[in-house]
Amino acid sequence: MIALKRIVVAALLALVFSSSSFSAHAAIKVPAIYVALGDSLAAGQTPDSKIDTGYADLIAQELSRHQPVAFYTKQLAFPGFTTRDVLERIQSEQAKEALASANIITLSAGANDLLRLVQSNPEEGSLAFQQIQADFALNEARINMEAILSELEKRAPNADVYVMGYYFAYPHVRENQKEGTAEQLDRLNEILKNSATKAGATFVSVDKKFGKNGTDKVPNPSDVHPNLLGYQAMANAFFEQYQKGWKIEEWELPEPNPLTFEEIRAQQEAQQEARPASEERTAARPSDQLKMNYLALRKPLPYL
């Protein structure tokens, strides 16, 4: 807690000498303390099951180009998380400090509730699901999303929450196979939008940026995750809500640096072993103290 407070104080002092133009935009949070929550999209999973730059990283990068950023982490995001998993994560003791300090939160949750029921056959270009199961999953997602947003109102009282929508994840299937699953994803987006509106959060629509034929952004017929262009589109959809005119151009995209989960764990174990035993616990950042099997690739970003 002490370390995070010091970072925020330093950023506030820097703000005194920064441009006053930010005051004209009420939505801008200065300094930004950004926490990304949710599933594999928040974590930055690639179409080949690795972790690299995702929309949250791009958002943090663009924020830092325009304003002070005191803190950023996506270490509460985890591939495969359902809405129930996200709810449990934000209720955990490990998330308490980061959420209490946050003033910007992005949230991706709901797709895993639904898409795990979809049977995809990339070779045949077909999709199948049971409507009754989909109805049940969508209702569960609605209940859990409302609970998540209610918890965030209590645990992150200073944060503006942005609920990220979803895109059509099967652009490679045959045209006559798209309509049914696309309709379920539309229903999910409607649930997320309604839940966000009810809670006073902001819904970020991304589906039009992908369309139903977005193979340039979802390139692997056997995987639903976007490439960097897809994550760029999602991040830019966020900025259309946060501050119009801010946009991530293609020349700003970082070079690929994908890591497997095994490589990430090995790096973290090596860093833990290299850490001096005498290191003060108060010097650790909140996300360094998260106890979970997976930590996101990007470290928290202190304001410099």
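Values below: every heavy atom of this structure, side chains too, minus hydrogens, waters and symmetry copies.
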Residues pairing under ring-ring contact (aromatic ring centres under 6.0 Å, His included) where one sits in residues 186-212, two or more places apart or in two chains, turn out to be Tyr167-Phe210
Output yes when Glu190 and Lys193 qualify as a salt bridge under the 4.0 Å nitrogen-oxygen rule, no when they do not.
-> no
Derivation and outcome, side-chain contact (heavy atoms from CB on, under 4.5 Å), residues Val118 and Tyr170 | CA-CA 10 Å; Val118 177; Tyr170 304 98; 3.7 Å; yes
Nearest heavy-atom pair of Ser108 and Leu41: which atoms, and what distance?
-> OG-CB, 4.3 Å
Count the heavy atoms belonging to other residues, nucleotides or ligands that lie under 6.0 Å from CD of Glu263, then report whether that count exceeds 12.
-> yes
Report yes or no: does His172 contribute a side-chain atom to a donor-acceptor pair with the main-chain N or O of Val218 at less than 3.5 Å?
-> yes
At their closest point, which heavy atom of Val35 faces which heavy atom of Ala98, and how far apart are they?
-> CG2-O, 3.8 Å
Is Tyr72 reaching over with its side chain to a backbone N or O of Gln61, donor-acceptor style, under 3.5 angstrom?
-> no
Hey, what's the ring geometry for Tyr162 with Tyr242, parallel, tilted or perpendicular (30° and 60° as the breaks)?
-> perpendicular
Could you pull out all residues at least two apart from Tyr231 that satisfy ring-ring contact (aromatic ring centres under 6.0 Å, His included)?
-> none
Of all the heavy-atom pairs spanning Gly110 and Tyr166, show the shortest one and how long it is.
-> N-OH, 3.4 Å
ILVMFWY network linking Leu188 to Ile143, side-chain heavy atoms under 4.5 angstrom = no
Under the side-chain contact (heavy atoms from CB on, under 4.5 Å) criterion, do Thr106 and Val161 qualify, and how do the steps go?
-> CA-CA 6 Å; Thr106 54; Val161 179; over 6 Å; no
Exercise: identify the closest heavy-atom pair between Gly230 and Lys217 | CA-CB, 3.8 Å
Between the side chain of Asn220 and the main-chain N/O of Pro47, is any donor-acceptor distance below 3.5 Å?
-> yes
Asp223 side chain vs Ser49 backbone, donor-acceptor pair below 3.5 Å | no
Considering only heavy atoms from C-beta outward, does the side chain of Lys209 approach that of Met234 to under 4.5 Å?
-> no
Do Gln241 and Thr202 have side chains that get closer than 4.5 Å, going by heavy atoms?
-> yes
Hey, is the main chain of Pro31 close enough, under 3.5 Å, to the side chain of Asn103 for a donor-acceptor pair?
-> yes
Passes side-chain contact (heavy atoms from CB on, under 4.5 Å), Leu192 versus Met164? Steps please.
-> CA-CA 8 Å; Leu192 298 177; Met164 304 296 293; over 6 Å; no
Looking only at heavy atoms, the pair that brings Thr83 and Ala141 closest together is OG1-CA, 3.8 Å
Measure the CG-CG distance between Leu76 and Leu107 for me, rounded to the nearest 0.5 Å.
-> 11.5 Å
Using modelled atom types only, decide if a donor and an acceptor are shared between the side chain of Asp52 and the backbone of Pro256 within a distance under 3.5 Å.
-> no
Answer yes when Lys212 and Asp207 have at least one side-chain N-carboxylate O distance shorter than 4.0 Å, and no when they do not.
-> no
Salt bridge (charged side-chain N to carboxylate O under 4.0 Å, His left out) involving Glu124 - partner list, sequence neighbours excluded | none
Can Tyr34 and Thr73 be counted as having a side-chain donor-acceptor contact under 3.5 angstrom?
-> no
Between CD of Glu146 and NZ of Lys198, what distance do you get to the nearest 0.5 Å?
-> 4.0 Å
hydrophobic_cluster_shared for Phe261 and Leu259, side chain cutoff 4.5 Å = yes
Check whether any side-chain heavy atom of Ile28 lies under 4.5 Å from a side-chain heavy atom of Gln67, and answer yes or no.
-> yes
Do Leu37 and Arg89 come close enough that some side-chain heavy atom pair is under 4.5 Å?
-> no
Derivation of the side chain to side chain donor-acceptor pair (under 3.5 Å) call for Ser40 and His225 = CA-CA 8 Å; Ser40 56; His225 294 92; 2.7 Å; yes
Go through the steps for Asn227 and Thr46 under the test side-chain contact (heavy atoms from CB on, under 4.5 Å), then give the verdict.
-> CA-CA 6 Å; Asn227 56 18; Thr46 69; over 6 Å; no
Does Asn194 use its side chain to pair, donor to acceptor, with the backbone of Ile191 at less than 3.5 Å?
-> no
Using a cut-off of 6.0 Å, state whether more than 12 heavy atoms not belonging to Gln130 lie near its atom CD.
-> no
So do Val163 and Leu149 actually touch side chain to side chain, heavy atoms under 4.5 Å?
-> yes
When you measure from the side chain of Lys29 to the backbone N and O of Ile104, does any donor-acceptor pair fall under 3.5 Å?
-> no
Leu117, Leu185: one ILVMFWY side-chain cluster at the under-4.5 Å cut-off?
-> no
Could you tell me whether the side chain of Leu253 reaches within less than 4.5 Å of the side chain of Gln232, counting heavy atoms only?
-> yes
How long is the gap from CD on Gln119 to OG1 on Thr181, to the nearest 0.5 Å?
-> 10.5 Å
Interatomic distance, Asn139 atom CG to Arg142 atom CZ [nearest 0.5 angstrom] = 4.5 Å
Is any side-chain heavy atom of Leu99 less than 4.5 Å from a side-chain heavy atom of Ile105?
-> yes
Can you check whether Ala147's main-chain N or O pairs, donor with acceptor, with Ser150's side chain at less than 3.5 Å?
-> no
State whether the number of non-hydrogen atoms from other residues, nucleotides or ligands found under 6.0 Å of Glu179 atom CD is greater than 12.
-> no
Closest non-hydrogen atom pair, Ile51 against Pro79 = CD1-CG, 4.2 Å
SB check Glu252 Arg65 (cutoff 4.0 Å) = yes
Mind checking the OG-CG spacing from Ser222 to Asp48? Nearest 0.5 Å is all I need.
-> 12.0 Å
Separation between CG of Asp39 and CG of Asp113, rounded to the nearest 0.5 Å | 9.0 Å
In one Ile/Leu/Val/Met/Phe/Trp/Tyr side-chain cluster, 4.5 Å: Tyr55, Leu229 | yes
Flag the pair Glu240 and Lys244 as a salt bridge only when some basic side-chain nitrogen lies within less than 4.0 angstrom of an acidic carboxylate oxygen.
-> no
Donor-acceptor under 3.5 Å (Asn112 side chain, Phe81 main chain) = yes
Taking the side chain as every heavy atom from C-beta outward, state whether Lys178 and Leu127 have any atom pair closer than 4.5 Å.
-> no
